[in-house]
Amino acid sequence: LSSCFDKLSMIMIINYIYRILWFVGLVLLQVLILNNIHLAGYATPFLYTYFILKFPSSVSRNELLLWAFFLGLIIDVFSNTPGINASATVLMAFVRPPLLTLFTPRDSFDNIVPSFKTIGNFSFIKYLLICLLIHHGALLTIEFFSFADIGSLILRIASSTLLTLSCILAFEGVKK
């Protein structure tokens, strides 16, 4: 019984170390490289959202919201955007569990990590697209803080969402 608990605690420790390394890697990638990319002045990839989107379904909503808040807060600190990324990331993390249940097969929701293999190609892309639209919509609307140029805002949301989706799909392809 004791060795079972030791193995279980080691697996949990390894999972947290793995998560922290992904956290740090995506923050550094976002802050040092991706924040400086503005395709045609509209599209910016927000790849750090991949961290929240790939959490297992078994993680509690509170834990997910905490990870999302700290991820967004650290991006805000390094990007000099007070609270914008934190609020958008927490919103995305809040709506993620119901969206995940919407796109996963009914019998396999217990402990899955969203991917092409676990929920299917089309469902995974829909899940990513809706979560990214929610995140980017909130982030860029707060950043714009005006509906005076609504066309430009919608263009930025759509182009950033598609660019981020492309980057995430590329990551998923490389991980295969």
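Here the side chain of T89 pairs no donor or acceptor atom with the backbone of A86 at under 3.5 angstrom. Looking at E172, its side chain never comes within 3.5 Å of a backbone N or O of S115 through a donor-acceptor pair. A distance-only check finds a donor-acceptor pair linking the side chain of T101 to the backbone of P98 [under 3.5 Å]. With S160 contributing its side chain and P45 its backbone, the two residues share no donor-acceptor pair below 3.5 Å. A donor-acceptor pair is defined here as one N or O able to donate and one able to accept, closer than 3.5 Å; no such pair exists between the side chain of T104 and the backbone of I119. Using a distance-only test at 3.5 Å, with no hydrogens or angles considered, no donor-acceptor pair links the side chain of R156 to the main chain of L140.
A distance of 9.0 Å separates OG1 of T164 from OH of Y48, quoted to the nearest 0.5 Å. Here OG of S152 is found 4.5 Å from OH of Y42. Values are rounded to the nearest 0.5 Å. If you take OH on Y18 and CD1 on I11, they are separated by 15.0 Å, rounding to the nearest 0.5 Å. Summarising the geometry, atom CD1 belonging to I17 is positioned 12.0 Å from atom CZ belonging to R19; distances are rounded to the nearest 0.5 Å. The CD1 atom of I75 sits 5.5 Å away from atom CG of L71, with the distance rounded to the nearest 0.5 Å.
Annotation: side chain of N62 is not in contact with side chain of L66 (no heavy-atom distance under 4.5 Å). In this structure, the side chains of I84 and L139 come closer than 4.5 Å at one or more pairs of heavy atoms. Taking 4.5 Å as the limit, some side-chain heavy atom of I125 sits within range of a side-chain heavy atom of F116. Residues I134 and L99 form a side-chain contact, since some pair of their non-hydrogen atoms from C-beta on lies under 4.5 Å apart. Within the 4.5 Å cutoff, side-chain heavy atoms of L34 are placed close to those of I37. With a 4.5 Å cut-off on side-chain heavy atoms, T81 and I142 do not count as touching. You'll find the side chain of L91 stays beyond 4.5 Å of the side chain of H135, heavy atoms only.
Ring-centre distance between F51 and F55: below the 6.0 Å cut-off.
L26 and V113 are not part of a single hydrophobic cluster, where members link through side-chain heavy atoms under 4.5 Å apart. At a threshold of 4.5 Å between side-chain heavy atoms, the hydrophobic network of Ile, Leu, Val, Met, Phe, Trp and Tyr places F122 and I112 in two separate groups.
Applying the side chain to side chain contact (heavy atoms under 4.5 Å, CB included) test to L53 and every residue at least two apart in sequence or in another chain returns T49, M92, Y127, L128, C131, L132, I168.
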